[in-house]
Amino acid sequence: MTLGQTFLGLLETRSQHGYDLKRAYDERFAGQRPLAYGQVYATLSRLLKHGLVEVEAVEAGAGPERKRYTVTDSGVTDVERWLATPESPEPYLQSTLYTKVVLALLTGRPADGILDVQRAEHLRLMRELTRRKTAGDLSDQLICDHALFHLEADLRWLELTAARLNDLADEVRGR
């Protein structure tokens with residue numbers, strides 16, 4: 001997710017202080033990883049520099065002055081362009097897991113053990129996501145479904161690789 005465009009979209013809904021923007025982002029998109037304040041203000045500074053946001057007001061407070069940011073017409077155009085651009089699918093043409101399996105075979109180690117451990121880890125995470133999905137709101141459900149579908153595809157690959165492990169071993173060892 002591109003943080004700058006996400007901020008611009010959030011600012012389209014209403015002008016906000018950096019603190020409010022962070023809170024809105026964390027509530028909607030952060031999941032388990034809230035943004036650091038430094039990341040918020042660095043991003044706002046970059047957006048300001050590029051003319052995508054402007055300071056609508058500076059308000060005095062108990063601490064430092066608080067700037068209220070608003071999106072510019074250029075910022076709205078940037079969000080529209082970003083939303084209209086499809087994301088590139090992320091095929092895992094050379095995953096770390098595949099590399100581990102091949103290296104295990106090359107070095108005479110049991111690759112089936114690697115697949116078994118990975119399968120167990122995938123199933124553990126799937127159980128955790130299913131619990132989160134069951135207890136969550138619609139946003140959580142959709143996010144968990146996305147992750148679960150990817151994990152299911154990984155499990156299919158693990159099963160397929162396990163079924164072909166002897167053939168892969170022969171190919172890797174040059175037989």
Side-chain angles (χ1 to χ4, degrees), residues 1-11 18 21-47 50 52 75 78-175:
M1 180 181 320
T2 304
L3 185 57
Q5 280 84 10
T6 306
F7 279 7
L8 293 173
L10 289 171
L11 287 170
L21 196 57
K22 177 195 176 338
R23 188 174 59 230
Y25 179 91
D26 287 350
E27 286 174 5
R28 292 269 180 212
F29 308 111
Q32 306 296 321
R33 299 169 65 197
L35 290 175
Y37 283 103
Q39 193 175 8
V40 171
Y41 291 105
T43 301
L44 284 170
S45 178
R46 190 181 74 253
L47 295 171
H50 293 299
L52 301 174
D78 192 70
V79 171
E80 288 172 351
R81 184 176 28 250
W82 180 64
L83 291 173
T85 304
E87 292 297 310
S88 296
E90 298 179 24
Y92 300 104
L93 295 179
Q94 182 77 19
S95 73
T96 303
L97 183 55
Y98 173 78
T99 302
K100 285 182 174 185
V101 168
V102 169
L103 284 176
L105 294 171
L106 280 172
T107 59
R109 291 182 174 94
D112 55 341
I114 293 170
L115 296 173
D116 290 342
V117 167
Q118 192 63 49
R119 184 181 306 105
E121 181 60 15
H122 271 62
L123 291 171
R124 183 201 63 76
L125 182 54
M126 289 176 82
R127 286 189 298 275
E128 181 181 314
L129 288 168
T130 301
R131 280 192 297 275
R132 178 178 166 189
K133 176 182 165 180
T134 303
D137 60 11
L138 182 57
S139 294
D140 263 351
Q141 292 169 15
L142 292 170
I143 289 168
C144 289
D145 280 339
H146 186 261
L148 285 165
F149 292 149
H150 282 274
L151 290 168
E152 286 174 8
D154 287 350
L155 280 175
R156 286 195 315 266
W157 181 86
L158 288 165
E159 295 303 322
L160 180 66
T161 302
R164 295 179 172 173
L165 203 52
N166 290 335
D167 293 338
L168 181 61
D170 289 344
E171 185 176 302
V172 164
R173 294 178 186 141
R175 292 185 204 161

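In this structure, CG on L10 lies 12.0 Å from CD on Q5, to the nearest 0.5 angstrom. Rounding to the nearest 0.5 Å gives a distance of 13.5 Å between CG of L155 and NE2 of H150. From L52, atom CG reaches atom CZ of F7 across 13.5 Å, with rounding to the nearest 0.5 Å. E128 contributes atom CD, which lies 9.0 Å from atom SG of C144 (distance to the nearest 0.5 angstrom). Atom CG of D78 sits about 8.0 Å away from atom CG of L47, to the nearest 0.5 Å. Here the OG1 atom belonging to T130 is positioned 9.0 Å from the CG atom belonging to L125, to the nearest 0.5 angstrom.
E159 has no carboxylate O lying under 4.0 Å from a charged side-chain N of R156, or vice versa, which leaves the two without a salt bridge. The residues R119 and D116 are annotated as salt-bridged, a charged nitrogen and a carboxylate oxygen being separated by less than 4.0 angstrom.
Contact check for D26 versus R23: no side-chain heavy atoms found under the 4.5 Å cut-off. Between V117 and E121, every side-chain heavy-atom pair lies at or beyond the 4.5 Å cut-off.
Heavy atoms from other residues, nucleotides or ligands lying under 6.0 Å from CG of D145 number more than 12. Heavy atoms of other residues, nucleotides or ligands lying less than 6.0 angstrom from CD of E171 number 12 at most. The 12-atom threshold is not exceeded at NE2 of H146, counting heavy atoms of other residues, nucleotides or ligands nearer than 6.0 Å.
Y25 and F29 have tilted rings, their planes meeting at an angle from 30° to 60° on a 0 to 90° scale.
The list of side chain to side chain donor-acceptor pair (under 3.5 Å) pairs with a residue in residues 134-143, not counting sequence neighbours, reads R132-D140.
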**Request:** Run the numbers on Y41 and L21 for side-chain contact (heavy atoms from CB on, under 4.5 Å), then give the verdict.
**Result:** CA-CA 10 Å; Y41 291 105; L21 196 57; over 6 Å; no
**Request:** Show your reasoning for whether side-chain contact (heavy atoms from CB on, under 4.5 Å) applies to L97 and D154.
**Result:** CA-CA 10 Å; L97 183 55; D154 287 350; over 6 Å; no
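Here the closest heavy-atom approach between residue G9 and residue V79 is recorded as N-CG2, 3.7 Å.
The closest donor-acceptor contact from the side chain of T6 to the backbone of T2 lies under 3.5 Å. With K22 contributing its side chain and L35 its backbone, the two residues share a donor-acceptor pair below 3.5 Å.
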Expected list for residues 105-112: side-chain donor-acceptor pairs under 3.5 angstrom, two or more places apart:
residue: T107; atom: OG1; partner: L103; partner atom: O; Å: 2.8
residue: T107; atom: OG1; partner: A104; partner atom: O; Å: 3.3
residue: T107; atom: OG1; partner: R109; partner atom: NH1; Å: 2.9

